[in-house]
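In what follows, a single structure is set out as structure tokens and then discussed.
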Amino acid sequence: MIAALAFYLFASILIASAVMVVTSRNPVHSVLYLILAFFNAAALFLIAGAEFLAMILVIVYVGAVAVLFLFVVMMLDVDFVQLREGFQRYAPIGAIIGGILFLELLFVLGTWQFAADAAELRLSPTPAGVSNTKALGRIIYTDYIFLFQAAGLILLVAMIGAIVLTLRDKHHSKRQNIAVQVARTSELTMAQPALGEGIRREDILRPLPPPSKAPKPVAHHGHGHDDDHGHGGGHH
């Protein structure tokens with residue numbers, strides 16, 4: 001009785017917080033409602049007896065993903081008013097796509113049939129002497145190890161692709177030339193001043209500064225003629 005009441009309580013809060021994530025106008029409030037939804041989903045996992053999944057949900061999603069979303073939203077300072085300007089223009093297309101997805105969900109749910117032994121498999125007890133976490137680890141890392149590694153490779157490729165797509169070349173950044181560093185010798189890069197003599201500026205290997213463009217002198221024509229006329233006028 002208590003477990004059923006707790007299930008309905010956490011499930012109702014989970015559904016309400018999920019709706020608020022989508023309908024909230026403030027993105028920070030959406031992330032906070034998302035954290036609340038994660039906590040209630042973890043409580044449902046605890047009621048179902050999957051304590052490992054509940055702890056993973058709290059540690060990974062609440063402790064890392066949701067907090068990352070919150071900091072990104074708060075630090076980017078995105079102008080959401082400008083983003084909502086085109087809402088009315090794209091609303092018909094969004095309504096059509098949403099209607100198609102809703103019809104597909106109705107089609108799937110209308111033709112869905114549970115297997116005959118689904119209830120027995122769901123309620124199958126954990127093997128004797130093995131905890132829930134150990135049984136789950138045995139299934140993932142023993143029975144489905146290749147699928148698990150394939151999923152990890154897919155996530156790795158997606159992460160590398162995201163880094164490559166968002167990487168921008170900065171011209172003012174300093175780069176290392178490995179060939180020049182390897183080809184260096186001690187005679188070229190290290191100065192050996194005498195005892196009591198400080199290192200001089202010319203002993204340090206530095207790149208040459210760019211040539212400075214000095215302004216060209218402007219030749220003033222006609223000054224000599226003016227002077228002559230001036231002197232001539234004085235003589236007359």
Side-chain angles (χ1 to χ4, degrees), residues 4-48 50 53-115 118-119 121-122 140 144 147-171:
L5 291 176
F7 172 79
Y8 286 114
L9 175 63
F10 289 123
S12 59
I13 298 176
L14 174 60
I15 294 173
S17 58
V19 172
M20 292 302 297
V21 169
V22 180
T23 59
S24 181
R25 293 182 177 272
N26 193 335
V28 178
H29 295 169
S30 297
V31 178
L32 295 177
Y33 283 121
L34 181 63
I35 295 175
L36 180 61
F38 285 154
F39 273 113
N40 286 275
L44 293 179
F45 278 128
L46 284 176
I47 294 174
L53 294 179
M55 294 300 105
I56 288 296
L57 186 63
V58 172
I59 294 173
V60 176
Y61 284 92
V62 177
V65 178
V67 175
L68 179 62
F69 287 167
L70 184 61
F71 275 97
V72 167
V73 169
M74 294 176 65
M75 288 189 298
L76 285 182
D77 194 14
V78 180
D79 189 4
F80 290 95
V81 177
Q82 183 179 1
L83 294 177
R84 294 192 188 98
E85 290 180 355
F87 176 77
Q88 298 294 335
R89 181 173 54 183
Y90 297 106
I93 300 176
I96 293 173
I97 295 175
I100 293 173
L101 292 177
F102 182 72
L103 292 177
E104 290 179 353
L105 287 175
L106 290 179
F107 178 75
V108 170
L109 294 177
T111 58
W112 182 272
Q113 293 181 359
F114 287 97
L121 292 175
R122 183 177 63 88
I140 295 177
Y144 300 99
L147 296 177
F148 182 77
Q149 294 294 333
L153 288 176
I154 292 173
L155 293 176
L156 178 62
V157 171
M159 181 180 65
I160 295 175
I163 294 174
V164 171
L165 291 176
T166 57
L167 184 63
R168 296 292 181 269
D169 187 15
K170 297 180 180 179
H171 299 285

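All heavy atoms count here, side chains included; hydrogens, waters and symmetry mates do not.
Shown here are the side-chain contact (heavy atoms from CB on, under 4.5 Å) partners of Ile97, two or more places apart in sequence or in another chain: Ile93, Leu101. In this structure Thr111 satisfies the side-chain contact (heavy atoms from CB on, under 4.5 Å) test together with Phe107, sequence neighbours excluded. Applying the ring-ring contact (aromatic ring centres under 6.0 Å, His included) criterion to Phe39, with sequence neighbours excluded, gives no partner residue. Residues satisfying the ring-ring contact (aromatic ring centres under 6.0 Å, His included) test with Phe148, not counting sequence neighbours, are Tyr141. Under the side-chain contact (heavy atoms from CB on, under 4.5 Å) criterion, Ala6 pairs with Phe10, Ile47, sequence neighbours left out. For the side-chain contact (heavy atoms from CB on, under 4.5 Å) test, residues two or more places apart in sequence or in another chain that qualify with Ala54 are Ala42, Phe45, Leu46.
To the nearest 0.5 angstrom, Ile56 atom CD1 is 10.0 Å from Tyr61 atom OH. Summarising the geometry, atom OG belonging to Ser12 is positioned 8.0 Å from atom CG belonging to Asn40; distances are rounded to the nearest 0.5 Å.
Taking every heavy atom of both residues into account, Ser30 and Met20 meet most closely at OG-O, 4.3 Å. Ala41 and Leu57 make their closest contact through CB-CD2, 3.5 Å (heavy atoms, listed as atom of the first residue, atom of the second, distance).
Summarising the local packing, CZ of Phe38 is surrounded by more than 12 heavy atoms from other residues, nucleotides or ligands at distances under 6.0 Å.
At least one side-chain heavy atom of Leu9 sits under 4.5 Å from a side-chain heavy atom of Ile13.
Under the side chain to side chain contact (heavy atoms under 4.5 Å, CB included) test applied with Met159, the options Ile163, Leu155, Val157 reduce to a single match, Ile163.
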